[in-house]
Number of protein chains: 2
Amino acid sequence: MSRWKPNAEGRFRAAAMELFIERSYEQTTVADIAERAGLTPRTFFRHFADKREVLFNGSARLQEAMLSAVRAAPAHAVAIEAIVAALDGMVAFFGDDRAPARLRRSIVASTPELRERELIKLATLSATLAEAMRARGINEPDASLAAEGAIAVFRVAFAQWLDESELRSLGEIVSASLNRLGTIVAANGPKCSSLRSSRS
Amino acid sequence: MSRWKPNAEGRFRAAAMELFIERSYEQTTVADIAERAGLTPRTFFRHFADKREVLFNGSARLQEAMLSAVRAAPAHAVAIEAIVAALDGMVAFFGDDRAPARLRRSIVASTPELRERELIKLATLSATLAEAMRARGINEPDASLAAEGAIAVFRVAFAQWLDESELRSLGEIVSASLNRLGTIVAANGPKCSSLRSSRS
DNA sequence: CTTTCGATGTCATTGAGTGACATGACTATA
DNA sequence: TATAGTCATGTCACTCAATGACATCGAAAG
């Protein structure tokens, strides 16, 4: 019997998904996952920083997809062009099949611990996007604002995409949301509306 | 000696802040905090859901400030007016003193665990704001988009407020950021720019 | 004074996460 | 083929966050 098991991470992920569905995330211990994967708990933590990470494999690939889309954008793109490219890359990453995303969301949504992790992944995505925009000559605070706005649009649109039936594609929803955000925020008077500058 | 200690939560918070500064968050155990507070670890968890929560006392009050500001807005406010009110309420909540916020941020920023919790507090704030807007007749997806956008603006502006010297007030920075976001997003063509609707 | 109730203490336990060290397996090089 | 090096894994022991069960103390009400 060989001691070395090929594709340990894949084994862990598959075992974890099975157990998270059979029971739930909370009622599954790392020992359970390791047992089903035919490995030990100690090895689990050599492949994943913590129990949550086993569910967040895709975030690195999503980030890569977003980044290469931004870098492929025209050279002197302004902020809006950069985030449109980023959103485009993210939309392409997910394709048409909502089922896996829905399944994953049902697991993540069921546990505060996992919702927290999801948020930090999105925040990382936002920070990475802002950084990429700065690297293309878009300065602060535009880079951060545009990045935060883009991720916010994506989050809202993505949730809608999962909630509604197969009517509109993700791209259509994202596009509509981006336009909607523009309409909303642009309704603000050029001078700052009624926000009082509270110098005490 | 009386067994009952008045203001247990306050004692825990004070003890925790001291220790987080002396050592760090990570190198402080709940047992340490309890000892300095003159209480037991078990009691700590009766007052705080987990170790992180001891640092997030203000978030409930911030949410209250934001909510009452939104509810105080004119009756048929459109999205932009509602979020301006919300931002106004949040700005007022922090006042002029940046020192406490800076200290707290230095602690939170030093630990991924705490950054995650911070994000979920902001996400909760966003969801609450969206809910309040819906209660005032603003429909989806405008409510969610505006709420996400507003929180994004606040987050970026708040970070700037802490980073720069005492030049501009928080209100001024928030106001400027909101306008900037409007300028950026409004630059998007009315029809959706180049985001291809990727119906595979 | 006694009863009741809420806050705390005590004890035991589970499960996440980590460090140290041993061991098996694959690879390179002679 | 032999030997050394390296990498993934197993084993053991440990810390610490978090929780349940139960005892106890203090205060307030009757």
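All chains are named by letter (A, B, ...) in the order of the sequence lines, taking the proteins before the strands, and each is independently numbered beginning at 1.
Within the structure, a side-chain polar atom (N or O) of B:H47 is placed less than 4.0 Å from OP1 or OP2 of C:dT8. Using a 4.0 Å cut-off, some side-chain N or O of A:T40 falls inside it from OP1 or OP2 of D:dG10.
The side chain of A:F45 lies closest to C:dA16, out of D:dA18, C:dA16, C:dG9. In the set D:dT19, C:dA16, D:dT11, the nucleotide with an atom closest to the side chain of A:T29 is C:dA16. Taking only side-chain atoms of B:R42, from C-beta outward, the nucleotide of C:dT8, D:dT19, C:dG17 with the closest atom is D:dT19.
As a whole-Å value, the separation of A:Q27 CD from C:dT14 C1' is 14 Å. In this entry the distance linking CG of A:L39 with P of D:dC7 reads 19 Å, nearest Å. Rounded to a whole Å, the CG atom of A:L55 is 14 Å from the P atom of C:dA16. Note: CZ (A:F48) to P (C:dA16) measures 15 Å, nearest angstrom. What separates CZ of A:F12 from P of D:dA8 is a distance of 13 Å, to the nearest Å. Atom CD in B:E53 sits about 12 Å away from atom P in D:dT19, given to the nearest Å. Computed from coordinates, the B:D50 CG to C:dG15 P distance equals 19 Å when rounded to whole Å. Whole-Å rounding puts the B:F44 CZ to C:dG9 P distance at 14 Å.
With the nearest nucleotide of DNA chain D identified for both B:R46 and B:R52, B:R52 has the one nearer the 5' end.
B:S68 contributes a side-chain N or O that, together with a main-chain N or O of B:A65, makes up a donor-acceptor pair within less than 3.5 Å.
Within a 6.0 Å radius of CD in B:E35, no more than 12 heavy atoms belonging to other residues, nucleotides or ligands are found. Atom CD of A:E9 has more than 12 neighbouring heavy atoms from other residues, nucleotides or ligands inside a 6.0 Å radius.
Figure legend: B:R52 and B:Y25 shown without cation-pi pairing, the cationic atom not lying both under 6.0 angstrom from the six-membered ring centre and within 45 degrees of its axis.
Looking at A:E53 and A:K121, a side-chain N of the basic residue comes within less than 4.0 Å of a carboxylate O on the acidic one, giving a salt bridge.
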